[in-house]
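Below: the structure, in structure tokens.
By convention in this document, chain letters (A, B, ...) are assigned in the order of the sequence lines, proteins followed by strands, and residues within each chain are numbered from 1. Small disclaimer: the values here were computed from a predicted structure and weren't measured.
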2 protein chains.
Amino acid sequence: MTKDRAPTRIQKKNRAAILEAALEVFSTHGFRGATVDQIATEAGLSKPNLLYYFPSKEAIFNELMAQLLGTWLDPLRSLDPDGDPLEEILAYVQRKLQMSRDFPRESRLYANEIVQGAPRLLGTIATDLNALVEEKSALLQRWMQAGKINSAHPKHLLFSIWSLTQHYADFDVQVRALMAGEDPFDAAPEYLDTLYRRMLTPSDN
Amino acid sequence: MTKDRAPTRIQKKNRAAILEAALEVFSTHGFRGATVDQIATEAGLSKPNLLYYFPSKEAIFNELMAQLLGTWLDPLRSLDPDGDPLEEILAYVQRKLQMSRDFPRESRLYANEIVQGAPRLLGTIATDLNALVEEKSALLQRWMQAGKINSAHPKHLLFSIWSLTQHYADFDVQVRALMAGEDPFDAAPEYLDTLYRRMLTPSDN
DNA sequence: CTTTGATTTGACCAACTGGTAAAACTCACG
DNA sequence: CGTGAGTTTTACCAGTTGGTCAAATCAAAG
């Protein structure tokens, strides 16, 4: 058994290469559609060599997911109860949109997993994500009742933000095929800003 | 070689069973993740028997896709240039939402394919869907210039409608995990109606 | 009831899958 | 330099994959 030492320079490099390769392969083929060989080749290693660093395909996937989920939810966590409600939400939308542009593979990895029923992730969603969503939708509801933003079902509001922003990563191929060379991320920020501004700006009644 | 006869009663039944089974399996595992054996079992046939009706796994997938795309785009096609603009769009949103509720597997099948880069579908998207989108976004733009609805990027408007409505099918597992037993489709119609009403109702300026 | 085409099955295959074992190599450190 | 831990490779395995083939069975028209 390998002792629990500090990781070697080689260990650090190879584990990083494997996770990077796994992100690429898992995000474009899903868990079952991805092969260990493909990941190994993409990482510049042989299959047994890869399996020297991770005990199994599933172990790679799990580490990738754990790593992803941490940063993935950061924007929502940093929704500030003391900020200006409308601007907080609009900033959250833009941050999520930027993540779709800068980390589309992470978004697609997540999408693949959820679309296929989240067999390896449902636990985390039902506990960690649920707690965060409960907290933040309560905050949204307070803002609504205080008249700071228009009323709407807070959870559906969150769903809509996720859906709209991640769509540009998950359906990237389709979006680009229909935009005739124009970069979708040119007009998307303004479109989403306008949408949520009109949606949420309090109508005085 | 089999003559090009009218299909037998048995042929009709089995081909239908296979496509139904394939929809189930492909939509939850993606193309590469699905196995012919799984589809055959789900359809109540042996694998060689299934391959008597379809020459290959890919042939099943292609027929399923062709069949899907036809009906999938119907709601958009029936966006009526002579109807009331706002009500036409809102009706389109509701029709798409109903499709997510009634045919979630079809939506997930499509999502799986697009998320994974649409390797078997990009052609159709770039031609057929593109033509339809060009036509309808031109219509939207006319409505906007006539002041019937608020201005917004017409293609992004379409993307947002697809994204928001199909989210309830594609991310069903997550949505339900976060809704604590409440049916998402109870509040979704009103939420989306409100959203697009506020977004598109002409602001008098 | 027979015949003929449609249907189903069992046996099989080559390629690929995730994973293992042990030998071979490489590297940092004394 | 040598030595032991860390690393990589070669060879391999059992199970699964998509797909084939010929033989067996079934259904329906005469």
Side-chain angles (χ1 to χ4, degrees), chain A residues 1-65 112-113 116 119-120, chain B residues 1-65 112-113 116 119-120:
Chain A
M1 204 176 326
T2 313
K3 285 270 184 61
D4 212 343
R5 283 230 176 72
T8 312
R9 159 186 68 90
I10 298 177
Q11 270 169 36
K12 239 186 264 183
K13 192 193 64 169
N14 280 347
R15 286 183 60 96
I18 290 168
L19 289 173
E20 154 70 25
L23 174 59
E24 182 72 26
V25 176
F26 279 135
S27 71
T28 52
H29 295 294
F31 182 79
R32 276 182 65 168
T35 75
V36 175
D37 241 327
Q38 221 181 332
I39 299 172
T41 302
E42 184 94 11
L45 300 174
S46 66
K47 184 172 57 163
N49 197 10
L50 180 147
L51 289 166
Y52 169 72
Y53 291 98
F54 288 87
S56 70
K57 182 183 175 183
E58 197 150 4
I60 306 173
F61 186 87
N62 288 338
E63 176 139 345
L64 202 55
M65 268 298 173
N112 252 309
E113 180 66 6
Q116 304 192 357
R120 283 162 292 273
Chain B
M1 202 176 328
T2 311
K3 286 271 184 60
D4 209 342
R5 285 232 175 72
T8 314
R9 161 185 67 91
I10 296 178
Q11 269 169 39
K12 240 185 264 185
K13 191 194 63 170
N14 280 347
R15 285 183 61 97
I18 290 169
L19 288 173
E20 155 67 25
L23 173 60
E24 182 70 26
V25 175
F26 279 135
S27 70
T28 52
H29 294 295
F31 181 78
R32 278 182 63 171
T35 75
V36 176
D37 242 326
Q38 221 180 331
I39 299 173
T41 302
E42 184 93 13
L45 301 173
S46 67
K47 183 170 59 162
N49 197 11
L50 180 149
L51 288 166
Y52 168 73
Y53 291 99
F54 288 89
S56 71
K57 182 184 175 182
E58 196 149 3
I60 307 174
F61 185 87
N62 288 337
E63 177 139 343
L64 201 55
M65 268 297 173
N112 252 308
E113 181 65 7
Q116 305 194 355
R120 285 161 292 271

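- Checking D/dG18, D/dT9, C/dG18 against the side-chain heavy atoms of A/Lys47 singles out C/dG18 as nearest.
- Here D/dT17 presents its P atom at 14 Å from CG of B/Leu50, a figure rounded to the nearest Å.
- Of the residues near DNA chain D, A/Pro48 and B/Ser56, the one whose nearest nucleotide (by heavy atom distance) lies more toward the 5' end is A/Pro48.
- For C/dA6, neither phosphate oxygen OP1 nor OP2 lies less than 4.0 angstrom from any side-chain nitrogen or oxygen of B/Gln11.
- Between the side chain of A/Thr35 and the backbone N or O of A/Gln38 there is at least one donor-acceptor pair closer than 3.5 Å.
- Atom CG in B/Asp37 sits roughly 17 Å away from atom P in C/dT17 (whole-Å rounding).
- Taking atom CD on A/Gln38 and atom P on C/dG19, their separation rounds to 15 Å, with Å as the unit.
- A/Glu58 places its CD atom 15 Å from the C1' atom of C/dT17, with the value rounded to the nearest Å.
- In plain terms, the two heavy atoms of A/Asn112 and B/Asn112 that are nearest each other are OD1-OD1, 3.8 Å.
- Regarding A/Lys12, its NZ atom lies at a distance of 17 Å from the C1' atom of D/dT7, rounded to whole Å.
- Out of C/dG19, D/dA27, D/dT8, the shortest distance to the side chain of A/Lys57 is found at C/dG19.
- Among the heavy atoms of the strands lying under 4.0 Å from A/Ala34 are primed sugar atoms or P, OP1, OP2 only; no base atom is included.
- A close approach under 4.0 Å does occur between a side-chain nitrogen or oxygen of B/Thr8 and OP1 or OP2 of C/dT7.
- Below 30°, between 30° and 60°, or above 60°: for B/Phe26 and B/Phe61 the angle between ring planes is above 60°, a perpendicular geometry.
- Put simply, CG on A/Leu51 is 18 Å from P on D/dA11, counting in whole angstrom units.
- Within the 4.0 Å cut-off from OP1 or OP2 of C/dA6, not a single side-chain nitrogen or oxygen of B/Tyr53 is found.
- The shortest distance between the side-chain N/O atoms of B/Asn14 and the OP1/OP2 oxygens of C/dA6 is not below 4.0 Å.
- Contact of the A/Arg32 side chain with the A/Gln116 side chain is not registered, since no non-hydrogen atoms from C-beta on lie closer than 4.5 Å.
- Taking for each of A/Val36 and B/Asn49 the nucleotide of DNA chain C with the nearest heavy atom, the 5'-most of the two is the partner of B/Asn49.
- For B/Tyr52 and D/dT20, the shortest distance from a side-chain N or O to OP1 or OP2 is not below 4.0 Å.
- Following rounding to the nearest Å, A/Phe54 (CZ) and C/dG18 (P) show an atom-to-atom distance of 16 Å.
- Look at CZ on B/Arg15: it is 13 Å from P on C/dT8, rounded to the nearest Å.
- B/Leu19 places none of its side-chain heavy atoms less than 4.5 Å from the side chain of B/Tyr53.
- At the phosphate of C/dT8, neither OP1 nor OP2 sits under 4.0 Å from any side-chain N or O atom of B/Ser46.
- Of all nucleotides listed (D/dT7, D/dA27, C/dG18), D/dA27 comes nearest to the side chain of B/Arg9.
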